[in-house]
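Here the structure comes first, spelled out in structure tokens, and everything after it is commentary.
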Amino acid sequence: MHAGGELGAAAGGSLLLCASLLAVGCALGLRLGRGRGAADRGLLAWLCFNALVHFALEGPYVYLSMVGNITDSDALIASLWKEYGKADARWLYFDPTIVSVEILTVVLGGSLALVLVYAIVKEKHYRDRVTWDEQ
């Protein structure tokens with residue numbers, strides 16, 4: 001934080017982007033969950049937000065890291081990662097461990113979130129059907 005407790009432009013923009021993704025994820029999840037119970041609607045909202053974060057925030061990080069590094073990028077999304085890099089500099093430059101983990105999270109985490117959204121919306125047999133009463 002800057003003097004006086006104000007956020008910098010990059011930090012404020014990062015928070016605004018994350019809040020926007022949360023709002024879009026919740027709206028999408030609640031729309032997909034119409035006519036379902038509160039637990040399903042909440043889960044759909046979380047999974048939609050989760051997929052958006054993986055694809056819209058972490059995906060560009062992987063791309064920017066593979067074609068250069070975050071510190072040299074002028075992309076708007078790079079400002080978020082530059083802010084994050086103030087706490088851990090490994091996020092600013094190509095760190096093979098960080099990029100490898102992020103590739104896994106984008107591909108596996110984002111895809112799994114979408115598969116679970118599909119399973120809940122289409123009521124597929126492979127969705128989690130166990131409730132607390134059945135345990």
Side-chain angles (χ1 to χ4, degrees):
M1 288 211 163
H2 296 281
E6 301 144 9
L7 287 176
S14 297
L15 287 173
L16 183 61
L17 176 60
C18 290
S20 300
L21 289 176
L22 179 61
V24 170
C26 285
L28 184 58
L30 293 175
R31 180 175 171 85
L32 290 171
R34 268 194 219 146
R36 301 185 189 290
D40 277 353
R41 287 193 315 271
L43 185 56
L44 284 167
W46 169 252
L47 289 170
C48 288
F49 171 66
N50 192 341
L52 284 171
V53 166
H54 286 311
F55 294 129
L57 293 182
E58 294 171 343
Y61 170 79
V62 170
Y63 173 76
L64 291 171
S65 295
M66 300 296 272
V67 299
N69 64 54
I70 299 297
T71 55
D72 295 336
S73 177
D74 293 330
L76 182 62
I77 194 75
S79 64
L80 179 139
W81 293 106
K82 288 177 186 176
E83 192 68 23
Y84 197 82
K86 290 178 182 178
D88 186 348
R90 295 177 300 168
W91 292 86
L92 297 175
Y93 303 98
F94 182 86
D95 181 284
T97 304
I98 299 289
V99 174
S100 298
V101 169
E102 284 302 315
I103 289 171
L104 288 173
T105 11
V106 170
V107 174
L108 297 178
S111 300
L112 183 59
L114 292 179
V115 167
L116 291 173
V117 166
Y118 175 78
I120 292 169
V121 170
K122 296 296 184 179
E123 297 184 9
K124 295 295 184 179
H125 64 89
Y126 49 87
R127 69 162 281 170
D128 183 15
R129 295 303 239 168
V130 177
T131 64
W132 291 108
D133 296 336
E134 294 173 343
Q135 291 183 358

Transitive ILVMFWY side-chain link [X] to [Y], under 4.5 Å:
X      : Y      : result
Leu112 : Ile120 : yes
Val107 : Val67  : yes
Val24  : Trp46  : yes
Leu64  : Val101 : no
Leu30  : Leu116 : no

For the atom pair [atom1] ([X]) and [atom2] ([Y]), what is the distance rounded to the nearest 0.5 Å?
X     : Y     : atom1 : atom2 : result
Asp95 : Ile70 : CG    : CD1   : 12.0 Å
Leu22 : Leu15 : CG    : CG    : 12.0 Å
Arg31 : Leu44 : CZ    : CG    : 13.0 Å
Leu80 : Glu58 : CG    : CD    : 10.5 Å
Leu16 : Leu21 : CG    : CG    : 10.0 Å
Asn50 : Leu43 : CG    : CG    : 10.0 Å

Derivation of the side chain to side chain contact (heavy atoms under 4.5 Å, CB included) call for Thr97 and Arg90: CA-CA 9 Å; Thr97 304; Arg90 295 177 300 168; 5.8 Å; no
In chain order, what residues pass the side-chain hydrogen bond (donor to acceptor under 3.5 Å, both in side chains) check against Asn69, with sequence neighbours excluded?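 Result, side-chain hydrogen bond (donor to acceptor under 3.5 Å, both in side chains) vs Asn69: Thr71, Asp72.
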Can you confirm whether Tyr93 is buried at OH, in the sense that more than 12 heavy atoms of other residues, nucleotides or ligands lie under 6.0 Å from that atom?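 For Tyr93, atom OH is not crowded (no more than 12 foreign heavy atoms under 6.0 Å).
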Least distance between heavy atoms, [X] atom then [Y] atom:
X      : Y     : value
Ala45  : Cys26 : CB-CA, 3.8 Å
Val106 : Gly59 : CG2-N, 3.5 Å
Gly25  : Cys48 : O-CB, 3.4 Å

Could you check whether any side-chain N or O of Lys82 sits under 3.5 Å from a backbone N or O of Ser73, counting only pairs where one atom can act as donor and the other as acceptor?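 Confirmed, Lys82 side chain pairs with Ser73 backbone.
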Would Glu102 and Thr105 count as a side chain to side chain contact (heavy atoms under 4.5 Å, CB included) here? Give the steps. CA-CA 5 Å; Glu102 284 302 315; Thr105 11; 3.8 Å; yes
Kindly indicate, with the supporting measurements, whether the criterion side chain to side chain contact (heavy atoms under 4.5 Å, CB included) is fulfilled by Phe55 and Leu114. CA-CA 11 Å; Phe55 294 129; Leu114 292 179; 3.5 Å; yes
Tell me which pairs pass ring pair (Phe, Tyr, Trp, His ring centres under 6.0 Å) where either residue lies in residues 56-75, with sequence neighbours left out.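 Passing the test, one end in residues 56-75: Tyr61-Trp81, Tyr61-Trp91.
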Full working for side chain to side chain contact (heavy atoms under 4.5 Å, CB included) between Val121 and Arg36: CA-CA 9 Å; Val121 170; Arg36 301 185 189 290; 4.2 Å; yes
